[in-house]
Amino acid sequence: MINDILDFSAIEAGSYEVHPDRFSLREMTQKVVKILLHRAQDKKLKLSCTVDGNIPDQVRGDREKITQVLVSLLGNAIKFTDAGEVKLELQMCQNAENPRLKISVTDTGVGIPGDKLDRIFEYFTQADASATRRFGGTGLGLALAKKLVEKMGGHLKVDSREGLGSLFSF
């Protein structure tokens, strides 16, 4: 929580910078999944990761910020899913001039009511105020994830249905 607040402050102050370098996306996602696997297993959830074969061995991006976004999205998916699965998928969007990576996190959790979708990316906001009591959290994770993705030139979006789960992608 302290790191989230510090990141929030840095972003608001305009001093949060992106530091792109080359790294193995496969290795990074394997580490993230490994870190969160025990939380999924404790809830008897299936946690899977699929990486498109077209993704090169090395990609250029901010490894730390991508990791932070993935931990936030996967952590939320696990937190808000009581049964079923959480999936992480990485795909290349083929465009000869500007190939882009698409990362998606899908869950079979509680979902988000349609009238609350526009609010979930606001700081200190959750879709359901009672969720704080049931699930915990500060309401900073998704807001920070959205800002980080935008800092890296991407767009974080959500598709969700209450009771059926959610799909976050960037």
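All values reported here derive from a predicted model rather than from experimental measurement.
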Under the side-chain contact (heavy atoms from CB on, under 4.5 Å) rule, what do Lys65 and Lys151 come out as? Steps first, then yes or no, please.
-> CA-CA 9 Å; Lys65 289 176 181 60; Lys151 281 279 199 189; 5.5 Å; no
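Between Thr81 atom OG1 and Arg39 atom CZ the span is 11.0 Å, to the nearest 0.5 Å. Atom CG in Asn76 sits 9.5 Å away from atom CD1 in Ile78 (nearest 0.5 Å). Distance check: Glu89 CD to Leu167 CG gives 8.5 Å after rounding to the nearest 0.5 Å. Between the CG atom in Leu74 and the NZ atom in Lys87 there is a gap of 13.0 Å [rounded to 0.5 Å]. Here the NZ-CG distance, from Lys79 to Leu36, works out to 12.0 Å after rounding to the nearest 0.5 Å.
Here Glu150 pairs with Lys146 in a salt bridge; the nearest charged N to carboxylate O distance falls below 4.0 Å.
Among all heavy-atom pairs drawn from Leu142 and Phe121, the shortest one is O-CD2, 3.6 Å. In plain terms, the two heavy atoms of Ser160 and Leu117 that are nearest each other are CB-CD2, 4.0 Å.
The only option from Leu148, Ile103, Leu73 that meets the side-chain contact (heavy atoms from CB on, under 4.5 Å) definition with Leu156 turns out to be Leu73.
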Throw together a table of side-chain donor-acceptor distances under 3.5 angstrom for residues 44-55, partners on residues two or more places apart or in other chains.
residue: Asp52; atom: OD1; partner: Asn54; partner atom: N; Å: 2.8
residue: Asp52; atom: OD2; partner: Met92; partner atom: N; Å: 3.2

List, one per line, each side-chain donor-acceptor pair under 3.5 Å for residues 104-113, sequence neighbours excluded.
residue: Asp107; atom: OD1; partner: Gly109; partner atom: N; Å: 2.8
residue: Asp107; atom: OD1; partner: Ser166; partner atom: N; Å: 3.1
residue: Thr108; atom: OG1; partner: Ala83; partner atom: O; Å: 2.8
residue: Thr108; atom: OG1; partner: Glu85; partner atom: N; Å: 3.0
residue: Thr108; atom: OG1; partner: Glu85; partner atom: O; Å: 3.4

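Leu164 and Val158 are assigned to two separate hydrophobic clusters, defined by single-linkage of ILVMFWY side chains at heavy-atom distances under 4.5 Å. Note on Leu88 and Met28: same hydrophobic cluster, where clusters join Ile, Leu, Val, Met, Phe, Trp and Tyr whose side-chain heavy atoms are under 4.5 Å apart, directly or indirectly. A continuous path of Ile, Leu, Val, Met, Phe, Trp and Tyr side chains, each step under 4.5 Å between heavy atoms, connects Ile66 with Val33, placing both in one hydrophobic cluster.
Side chain of Ser24 to main chain of Gln58: no donor-acceptor pair is present (N/O by atom type, distance under 3.5 Å, no hydrogens or angles). Put simply, the side chain of Thr67 gets close to the backbone of Arg63: a donor and an acceptor are under 3.5 Å apart. Panel note: side chain Lys102, backbone Ser169; no donor-acceptor pair is recorded below 3.5 Å.
By the salt bridge (charged side-chain N to carboxylate O under 4.0 Å, His left out) test, Arg26 pairs with Asp57, sequence neighbours left out.
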